[in-house]
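Notes for the one structure printed next.
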Amino acid sequence: MLQSALFTKTRKEIPADEVSKNAILLIKASFVNKEMAGVYSYLPLGLRVIKKIEAIIRDEMNKAGGQEVLMSVFHPKENWEKTGRWNSMDDLYKVKDSSDREVALGPTHEEMVVPLVQQYVNSYRDLPLSVYQIQNKFRMELRAKSGILRGREFIMKDMYSFHKDEEDLKNYYEKMQVVYKNIYDRVGIGHQTYMTFASGGSFSKFSHEFQTVTEAGEDTIYIDEEKGIAVNKEVLNDEVLAELGIDRSKLVEKKAIEVGNIFELKTKYSAPFDMVYKNENDENITIIMGCYGMGVSRLMGTLVEVCSDDKGIIWPEAVAPFLIHLLPLGVSENVSEEAKKIYNEFSKKGFEVLLDDRSLNAGEKFADADLIGLPYRVVVSERSLKEGGVEVKRRAEEKGEVMAVDKFIEMLKA
RNA sequence: CGGGGUGUGGUGUAACGGCUAACAUUCCUGUUUUGGGAACAGGCGACUCUGGGUUCGAAUCCCAGCACCCCGACCA
């Protein structure tokens, strides 16, 4: 992609009322645009990141046997009355249509997925089943904050699994714990993301959160580094520690962002809809469920919080909007022609590259490159050409190295 | 939802109750410049959040509303 063709551009100044790092950097680098409190639009660069994250999640969900669907955003009121959440969920958006009928905007989809799957799943032969979707969710947060970390409209992956018994749910649930860990590894924050025991609500002892350690987090967790797990402050007590076999003296307190949450729902939502299957003995058995949430936009915000410095973002390769930022410097035609050639070569080899073809000073291009944060900065100039190629610098490192383009491509392949 | 704060060109700021609301940046024109946010010249861009009120006169004072931010509460 040619940078001159990007309709967005970076800013030198950002709105004065932004304080959270993710919002400041994402707005400054024009990945997102704020529309109202807790509501953001995704611009070309930001959307590319979202798509990368989604692709990784999809891949892992599909490998775990999930089938992707896209359910409606509008939810009939009756469904929510059935589970009792029409009145009990404070942050439910309720809207009226022209005939004064009330509907909800989906904050989560248990009330929709159960009646949907119920139509098709009647027998033990249809189980187990898991379906998921990636979609904008709506929650009327009384106080949206922390940039894209806690919005009123946000992108979330939600998966729901259906099982014949608790044993089967348990197996799948444990498998999903590994799947979640894989996703955080792949997007680049696995080493600081902990599976965390958290409140399970009225229907199971615990749920499991996935918490990424950073000062920007809203949650407080206690980590047992040896075991690689953590306990959320909200459920921490001696009884719980004993049950989990955790020694209190080994726990370290940290702030963290909740980037995922999985629950054993059991019959919490299947029962109100009388969602049953026939077993081998012609008996009606209530279906057992699990649900698995992951905030896609929140994950993007978390990445910025965790992977950035005072100059800008440092995208992990797996989710970077482009892999390479190609910067021709100077006005020589030789350089711009060479840059074009290199650009084509990268593209042909399948590497995503952003070519800064704007006629700006070196300093401005460097500043933008640091801000946007692509993993590799490749400079082409009279100087680099004289020294035998291009200057390659990783965003995360201070120093670059001049090398031939072929050698760089070899390096990328390795 | 409780408490606090802030609303001025797209963005960041300035302006004693009193001249045509100023400066920077962005953007446009031109000349120059090109390895760490360049220089010069010229130009476009504002019903000062909205509605009331006080006053000869309001960006400025008062009231109400709205929006945004922060702290707290809330958060499958």
Side-chain angles (χ1 to χ4, degrees), chain A residues 8-20 23-24 27-30 33-39 80 83-85 88-92 106-111 113 137 139-147 149-152 154 156 158-160 198-204 206-209 218-219 232 234 257-258 260-266 268-269 289-295 298 311-312 327-333 335-336 356 358-372 377-387 390-391 393 398-400 402:
Chain A
T8 59
K9 58 188 75 144
T10 59
R11 304 182 183 204
K12 277 187 182 158
E13 290 161 321
I14 49 112
D17 52 16
E18 291 296 347
V19 292
S20 82
I24 288 173
I27 291 171
K28 211 172 164 202
S30 81
N33 189 63
K34 183 183 205 160
E35 307 299 353
M36 44 189 259
V39 177
W80 285 79
T83 60
R85 291 209 286 185
S88 69
M89 192 180 240
D90 295 335
D91 50 3
L92 189 64
T108 177
H109 281 237
E110 287 83 3
E111 276 79 355
V113 76
K137 302 294 194 207
R139 290 187 192 175
M140 198 162 47
E141 292 285 351
L142 292 175
R143 184 182 162 207
K145 60 172 185 170
S146 308
L149 291 179
R150 181 152 148 163
R152 298 197 167 114
F154 56 96
M156 180 168 126
D158 47 325
M159 179 184 252
Y160 307 89
S199 164
S202 54
F203 42 93
S204 72
F206 296 114
S207 71
H208 293 85
E209 293 171 345
E218 290 182 18
D219 287 14
N232 194 307
E234 57 191 32
I257 300 171
E258 181 195 321
N261 199 182
I262 62 178
F263 295 85
E264 294 182 272
L265 297 174
K266 297 181 181 169
K268 168 93 173 174
Y269 295 102
M289 288 178 64
C291 77
Y292 316 86
M294 184 179 290
R298 178 179 279 189
K311 290 184 182 150
L327 310 193
L329 300 185
V331 282
S332 120
E333 265 184 37
V335 166
S336 55
D356 191 349
R358 304 170 300 169
S359 47
L360 296 177
N361 287 315
E364 292 173 82
K365 290 191 178 185
F366 287 148
D368 270 359
D370 287 340
L371 179 59
I372 291 169
R377 188 188 78 189
V378 175
V379 170
V380 197
S381 66
E382 288 291 2
R383 196 166 99 189
S384 78
L385 293 174
K386 216 171 286 171
E387 290 172 26
V390 293
E391 186 209 63
K393 189 187 89 69
E398 275 302 306
K399 285 240 154 217
V402 178

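Each chain gets a letter, A, B and so on, in the order its sequence line appears, and its residues count up from 1. Because only heavy atoms are used, hydrogens play no part in the values below, and waters and symmetry mates are left out as well, while side chains stay in. Please read all numbers here as calculations on a predicted model, not as lab measurements.
The pair A:Glu110-A:Arg85 meets the salt-bridge criterion, with a side-chain N (NZ, NE, NH1 or NH2) lying under 4.0 Å from an Asp/Glu carboxylate O. Ion pairing between a basic and an acidic side chain is recognised when a charged N comes within 4.0 Å of a carboxylate O; A:Lys393 and A:Glu398 show no such pairing.
Residue A:Pro15 is classed as a sugar-phosphate contact, given heavy-atom separations below 4.0 Å to backbone atoms only. Across all strands, A:Val379 comes closer than 4.0 Å to base atoms (heavy-atom distances). Among the atoms of the strands shown, base atoms are found under 4.0 Å from some heavy atom of A:Leu360. Among the protein residues, A:Tyr269 comes within range of the nucleic acid bases, having at least one heavy atom under 4.0 Å from a base atom. No engagement by A:Glu18 is indicated, since no non-hydrogen atom pair under 4.0 Å with the nucleic acid exists. Heavy atoms of A:Ser199 sit nowhere under 4.0 angstrom from any nucleic acid atom. A:Ala367 comes within 4.0 angstrom of a base, heavy atoms only. In this structure, A:Asn361 reaches the bases: a heavy-atom distance under 4.0 Å links it to at least one base atom across the strands shown. Within the nucleic acid shown, A:Arg85 comes within 4.0 Å of sugar-phosphate atoms alone, with no base atom in reach, counting heavy atoms only.
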Check the pair A:Met89 / A:Trp80 against side-chain contact (heavy atoms from CB on, under 4.5 Å), numbers first and verdict last. CA-CA 10 Å; A:Met89 192 180 240; A:Trp80 285 79; 3.7 Å; yes

Between A:His109 and A:Tyr160, does the side-chain contact (heavy atoms from CB on, under 4.5 Å) criterion hold? Intermediate values first, please. CA-CA 9 Å; A:His109 281 237; A:Tyr160 307 89; 3.4 Å; yes

Please evaluate residues A:Glu209 and A:Asp219 with respect to the criterion side-chain contact (heavy atoms from CB on, under 4.5 Å), reporting the C-alpha separation (whole Å), side-chain torsions for both, the decisive distance (0.1 Å), and the verdict. CA-CA 11 Å; A:Glu209 293 171 345; A:Asp219 287 14; 4.0 Å; yes

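Nearest-nucleotide assignment on RNA chain B puts the 5′-proximal partner with A:Arg11, out of A:Asp368 and A:Arg11. Ranked by how close their nearest RNA chain B nucleotide is to the 5' end, A:Leu265 and A:Ser20 are led by A:Ser20.
Atom C1' of B:C66 sits at a distance of 28 Å from the matching atom of B:G57, rounded to the whole Å. B:A21 and B:C16 are spaced 15 Å apart, taking the C1' atom of each and rounding to whole Å. Comparing B:A73 with B:G3, their C1' atoms sit 11 Å apart, to the nearest whole Å. Taking atom P in both B:U13 and B:C69, one finds a spacing of 15 Å when rounded to whole Å. Using atom P as the reference point in both B:C70 and B:G65, the two lie 22 Å apart (nearest Å). Atom name P, nucleotides B:G7 and B:U48: the rounded distance is 15 Å, in whole Å. A gap of 24 Å separates the P atoms of B:A14 and B:C27, to the nearest Å. When the C1' atom is used for both B:U8 and B:C23, the distance is 13 Å, rounded to whole Å.
The CG atom of A:Asp356 sits 13 Å away from the C1' atom of B:G37 (whole-angstrom rounding). A:Arg152 has its CZ atom 12 Å from the C1' atom of B:C69, to the nearest Å. The CG atom of A:Leu371 sits 14 Å away from the C1' atom of B:G36 (whole-angstrom rounding). Rounded to whole Å, the distance from CG on A:Asn232 to P on B:C75 is 12 Å. Distance A:Lys34 NZ to B:U11 P: 13 Å, rounded to the nearest Å. Regarding A:Lys9, its NZ atom lies at a distance of 14 Å from the P atom of B:U11, rounded to whole Å. Atom-to-atom, NZ of A:Lys145 to C1' of B:C69 comes out at 12 Å; the value is rounded to the nearest Å. Summarising the geometry, the separation between CD on A:Glu13 and P on B:U11 is reported as 11 Å, rounded to the nearest angstrom.
Side-chain contact, A:Ser199 with A:Glu234: no donor N or O sits under 3.5 Å from an acceptor N or O.
Considering only side-chain atoms of A:Ala37, the nucleotide from B:A38, B:C68, B:G36 that sits closest is B:C68. When the nucleotides B:U34, B:C75, B:C1 are ranked by their closest atom to the side chain of A:Leu142, B:C1 comes out on top.
The base of B:G3 has none of its N or O atoms less than 3.5 Å from a complementary donor or acceptor on the side chain of A:Arg143. One N or O donor and one acceptor, one from the side chain of A:Arg150 and one from the base of B:C75, sit under 3.5 Å apart. A donor-acceptor contact under 3.5 Å is formed by the side chain of A:Glu391 with the base of B:G35.
The shortest distance between the side-chain N/O atoms of A:Lys12 and the OP1/OP2 oxygens of B:U11 is not below 4.0 Å.
Looking at heavy atoms from C-beta onward, A:Tyr269 lies out of side-chain contact with A:Val113 at the 4.5 angstrom threshold. Between A:Lys28 and A:Glu18 there is no side-chain heavy-atom pair separated by less than 4.5 Å. Residues A:Glu218 and A:Leu149 are not in side-chain contact: their nearest non-hydrogen atoms beyond the backbone lie 4.5 Å or more apart.
Taking a 6.0 Å sphere around CD of A:Glu35, one finds it holds more than 12 heavy atoms contributed by other residues, nucleotides or ligands.
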Intra- and inter-strand pairing of RNA chain B, written as dot-bracket with Watson-Crick and G-U pairs under 3.5 Å and | for the latter, reads (((((((..((((....[...)))).((((((.....)))))).....(((((..]....))))))))))))....

